[in-house]
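Okay, so here's the structure we're looking at.
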Protein chains: 2
Amino acid sequence: MSDKCDINSPHEDVVKKLKKEMPDAQSFEKSAALFKALCDPTRSKIIWALDGNELCVCDLSELLGMTQSAISHQLSGLRKANMVKFRKSGKEVFYSLADEHIRIMLESGMEHANEKEDE
Amino acid sequence: MSDKCDINSPHEDVVKKLKKEMPDAQSFEKSAALFKALCDPTRSKIIWALDGNELCVCDLSELLGMTQSAISHQLSGLRKANMVKFRKSGKEVFYSLADEHIRIMLESGMEHANEKEDE
DNA sequence: AGGACAGTTGAACAATTGCTCATATGTTCA
DNA sequence: TGAACATATGAGCAATTGTTCAACTGTCCT
């Protein structure tokens, strides 16, 4: 833990206030989980592609130029996080977005990232 | 790569269209980097705390109940990603948010994560 | 100068990640 | 039934992550 920084710091009050206002750990965990789905390019491509489209693993595999297995593994993670849902039809499995939030987050993330040409 | 799924798939057109519309790899990398700052609870707590407040390492360390070293390492990462800026004053180093986007993203992420009580 | 404090940094480590490869399941069609 | 296909999954592996620990830099104060 902290070696107890200067108790008379001019920031003591702010820290105290923040401690009270700070959302509980679980809230941070949840939002982190949401962002986790988007912090990997492969996953964000998948989510981008599924935005408005119902696609099978094979479609995604071709679109992203990646192994069917790699895609399937990622989808499995997104499934566990309730970010995508799926529908089986014969041999194929069609995936689509299960979460409205994640779509919105990706869209604004992509916007922001591209406004940020300053680095 | 893909073992070439059924070429006559009813989704071939969609895939073709998506291939054309798909943003370049770099765009995805950039947005992923933005989300990466937020996908870890420690980092998102730091960003939350710095939202509107200029805090020193020690303040953050006390607020989060974590080692000063752990905080410093995380800040170093956020610095490299241009997410935070800092100002030295005597022994202390004051950090603040350098990026408007990240603030907005965290806020909406926290909102969305908490609306999502359904799991 | 010397001690105390704030912060940074690098090495080390366990845990996690993202992928590949091989294999398994389940479906369609001849 | 058996071959071909779409997908899922587990083991294995290299790379990355998040933290700790110890050592270091720089500043203030006496």
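As a basis for the values below, the full set of heavy atoms in this structure was taken, side chains included, without hydrogen atoms, waters or symmetry mates. Order of the sequence lines fixes the chain letters, A, B, ..., with proteins taken first and strands second; residue numbering starts at 1 for each chain.
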With a 4.0 Å limit, can you tell me whether B:Y95 has a side-chain N or O closer than that to the phosphate oxygens OP1/OP2 of C:dA6? no

Taking A:S76 for its side chain and A:S72 for its backbone only, find out whether a donor-acceptor pair lies under 3.5 Å. no

Under 3.5 Å, which protein N or O atoms sit close to an N or O of nucleotides 17-20 of chain D? Give each pair with its distance.
unit_1 : atom_1 : unit_2 : atom_2 : d
D:dG18 : OP1    : B:R43  : NH1    : 3.4
D:dG18 : OP1    : B:R43  : NH2    : 3.0
D:dG18 : OP2    : B:R43  : NH1    : 2.8
D:dT19 : OP1    : B:T42  : OG1    : 2.8
D:dT19 : OP2    : B:Q74  : NE2    : 2.8
D:dT20 : OP2    : B:T67  : OG1    : 2.9
D:dT20 : O4     : B:H73  : NE2    : 3.2

For A:L55 and D:dT7, give me the distance from atom CG to atom P, rounded to whole Å. 11 Å

Can you measure B:I71 atom CD1 to C:dT8 atom P for me and round it to whole angstrom units? 11 Å

Using whole Å, what does the distance between atom P of nucleotide D:dT25 and atom NZ of B:K88 come to? 13 Å

With a 3.5 Å distance limit and no angle check, can you tell me whether A:D40 reaches the backbone of A:T42 through a side-chain donor-acceptor pair? yes

Take atom CD1 of A:I46 and atom P of D:dT7, then tell me their distance rounded to the nearest Å. 13 Å

Below 30° counts as parallel, above 60° as perpendicular, anything between as tilted: where do the rings of B:H112 and A:H101 land? parallel

Nearest-angstrom distance from the residue atom CG of B:L75 to P of C:dG7: 10 Å

Using a 4.0 Å heavy-atom cut-off across all strands, classify B:F86 as base, sugar-phosphate, or nothing. nothing

The bend of the helix from C:dA1-D:dT30 to C:dA30-D:dT1, taken between the axes of its five terminal pairs at each end and rounded to 10°, is 10°

Contact between A:S44 and B:F35 at the side-chain level, heavy atoms closer than 4.5 Å - yes or no? no

Between P of C:dA6 and CD of A:E12, the distance in whole Å: 13 Å

Given 3.5 Å as the limit, does a donor-acceptor pair link the side chain of A:R43 with the main chain of A:K36, or not? yes

Return yes if some donor-acceptor pair links the side-chain N/O of B:D59 with the main-chain N/O of B:C56 below 3.5 Å, else return no. yes

Rounded to whole Å, please give me the gap between CD in B:Q68 and P in C:dT9. 11 Å

Can you tell me if B:R79 touches the phosphate of C:dG7, counting only side-chain N or O atoms and a distance under 4.0 Å to OP1 or OP2? no

Regarding the side chain of A:E92, the nearest nucleotide among C:dT9, D:dA6, D:dA8 is D:dA6

Please write out each protein N/O paired with an N/O of nucleotides 28-30 of chain C under 3.5 Å, distance rounded to 0.1 Å.
none

How about B:N82 and B:D99: do any of their side-chain heavy atoms sit closer than 4.5 Å? no

Min side-chain heavy-atom separation A:L78-A:I47 under 4.5 Å: yes

Hey, is the side chain of B:S72 poking within less than 4.0 Å of OP1 or OP2 on C:dT8, counting only N and O atoms? yes

More than 12 foreign heavy atoms under 6.0 Å from CD of B:Q26: is that the case here? no

Are A:Q68 and A:L60 side-chain neighbours, meaning at least one heavy-atom pair lies under 4.5 Å? no

Residue pair B:L38 / A:S31, side-chain heavy-atom distance below 4.5 Å: no

Please examine the side chains of A:V57 and A:E92, heavy atoms only from C-beta on, and report whether any two atoms are closer than 4.5 Å. no

